[in-house]
There are 2 protein chains.
Amino acid sequence: MGTTQLETVPEPKYWHLKTVLSEALDSEFTVGEILPNERDLAARFGVARATLRQALEQLELEGRLQRRRGVGTTVAPPRVGVAVGAEQHAWPGAAGDVWQPVDCTLEVPPAAVAAALETGEQPVHTVRRSRTTHGQPVAAELLYIAASSVPELSAIDAPSGAARARAVLRELQRLELEGQENAVELGSARADDAKELDRLPGAPVLVVTTRYISDGHTAALSVATYRADTCRLTFGDPGGVEIHHDPERRAS
Amino acid sequence: MGTTQLETVPEPKYWHLKTVLSEALDSEFTVGEILPNERDLAARFGVARATLRQALEQLELEGRLQRRRGVGTTVAPPRVGVAVGAEQHAWPGAAGDVWQPVDCTLEVPPAAVAAALETGEQPVHTVRRSRTTHGQPVAAELLYIAASSVPELSAIDAPSGAARARAVLRELQRLELEGQENAVELGSARADDAKELDRLPGAPVLVVTTRYISDGHTAALSVATYRADTCRLTFGDPGGVEIHHDPERRAS
DNA sequence: TAGTGGTCTAGACCACGAC
DNA sequence: TCGTGGTCTAGACCACTAA
């Protein structure tokens, strides 16, 4: 990474910079290694710090770098593959579920959720769960369950907490699951999700929305927020071998 | 959107700004409507243009806005749902495939692709396809097919072009498809993909990687690049119940 | 306390699209 | 040609982490 000059090219500086840095990451750095700080890097390439940051931001978006305030910029490990929608015909909380219940309250959900659950202004069971891989938090979930889906629940004691979450999920298993519908889209982390995922608010996340269908209606709705920088979501037939694909450097 | 002041709060200005703008979009703007330009907006909120842009960038990332140089910033329509991995047990190019062949060449693929296909330094059939919804381009694909997977192809005339692409895909159907493996991750658009998707290079994309497995090996590898701003990827088993997704915006 | 990345400013010029 | 968003600069200060 000894290069100092940037030729005058029609392409943006930060783009060129990103390419140069990307190649340097491949050839001169190892996973976990810490990079020079932004001010030094900017000076070395003869650009303003903001321009250097634009390149770093893209590399972080692609999962190549990890930046932490007060610490520095490090080379990120390859993204981890996490299976979603694998338990294609099981309710959340069924045996083998990788999610860990955290809390459960009774709340009036956002309008879009209420519309899907057809619950109007009624409060619904709102279960918070988290998911970790290799000890690292990778996803936070909000699971909305219509009160009518778990009618036997009123007898249960705990008004909230993980115990209640487990109780609600246990009741859910009694229903017959007809099918589920999944969707993935790009989003940015809300403040609470960001905290749980150990990221700053606004960090890019992959939002997986799952609709659990029973008796022709949406009995439960899951909104799971995965760290986009560290995760590769896998779905469908679990074949066997795992490949890592780099989303940017696949050019010739 | 007449507000002019921003209180002194511990949260970043751009974050607050984003919230204010988001609410204004819901209540005071309609899809396709054009916003005031960045300089005016920044002045109206009493912030520097760069700060205003930080807020706009996030809203664009979330699919709420669309910005085009030389034109302006408009309110984006809700994301369109596009099905991926739906033809769970069919080769690309099979009947009903939504992809449109564009070109086909014989090239040495990137190292990661070569590793998956186990082709070493050998060139592979590289099919370029595109996908549109409602007349808009939503995805660009590079489909790599090991030469050994379509051995009967040498007799075919066209050395490249859409005709050859169709020929290669036709040959592919002769193999028995054992299964496929899907993954989705966040990436940024390469220059060529960006052009086809009508975006700037570096724009956020959802990269869907599909491995087609035959005879215990990876016979073909698809790398599909979807516009992250306009697409919501749907996958999995609809359970026979086809539910029309409500156009209502997801809660945040 | 020192050093890091995160936020913010007030400018400037450029590339592109529409007129 | 004009207005738009895109890029870039050279600073400043803040929030956080670790020593």
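Below, chain A is the first sequence line, B the second, and so on; all start at residue 1.
- Residue-environment remark: CD (Glu33(A)) exceeds the threshold of 12 foreign heavy atoms within 6.0 Å.
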Stepwise, does the side-chain contact (heavy atoms from CB on, under 4.5 Å) test hold for Arg232(A) with Val80(A)?
CA-CA 6 Å; Arg232(A) 199 180 75 248; Val80(A) 322; over 6 Å; no
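- By the 4.5 Å heavy-atom criterion applied to side chains, Ile145(B) and Leu169(B) are counted as neighbours.
- Residue Arg68(B) places its CZ atom among 12 or fewer non-hydrogen atoms of other residues, nucleotides or ligands, all under 6.0 Å distant.
- Residues forming a side chain to side chain donor-acceptor pair (under 3.5 Å) with Thr105(A) (at least two apart in sequence, or on another chain): Glu107(A), Arg128(A).
- For the residue pair Pro101(B) and Ala162(B), the shortest heavy atom distance occurs at O-CB, 3.9 Å.
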Protein-to-nucleotide contact annotation, 5' to 3' order, nucleotides 14-19 of chain D [B base; S sugar-phosphate only; - none; under 4.0 Å, heavy atom]
-BBB--
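- Using a 4.0 Å heavy-atom distance criterion, Leu56(A) is classed as making no nucleic acid contact.
- Checked by atom type, the side-chain pair Ser130(B)/Gln100(B) shows no donor-acceptor distance below 3.5 Å.
- When the side-chain nitrogen and oxygen atoms of Thr73(B) are compared with OP1 and OP2 of dG5(D), one or more of them lie within a distance under 4.0 Å.
- Counting heavy atoms from C-beta on, the side chains of Gln136(A) and Arg227(A) never come closer than 4.5 Å.
- Nearer the 5' end of DNA chain D, as judged by each residue's closest nucleotide, is the contact made by Arg53(B), out of Arg53(B) and Leu52(A).
- A nucleotide of DNA chain C counts as in contact with chain B when one of its atoms lies under 4.0 Å from a heavy atom; the first and last such, 5' to 3', are dT7(C) to dG17(C).
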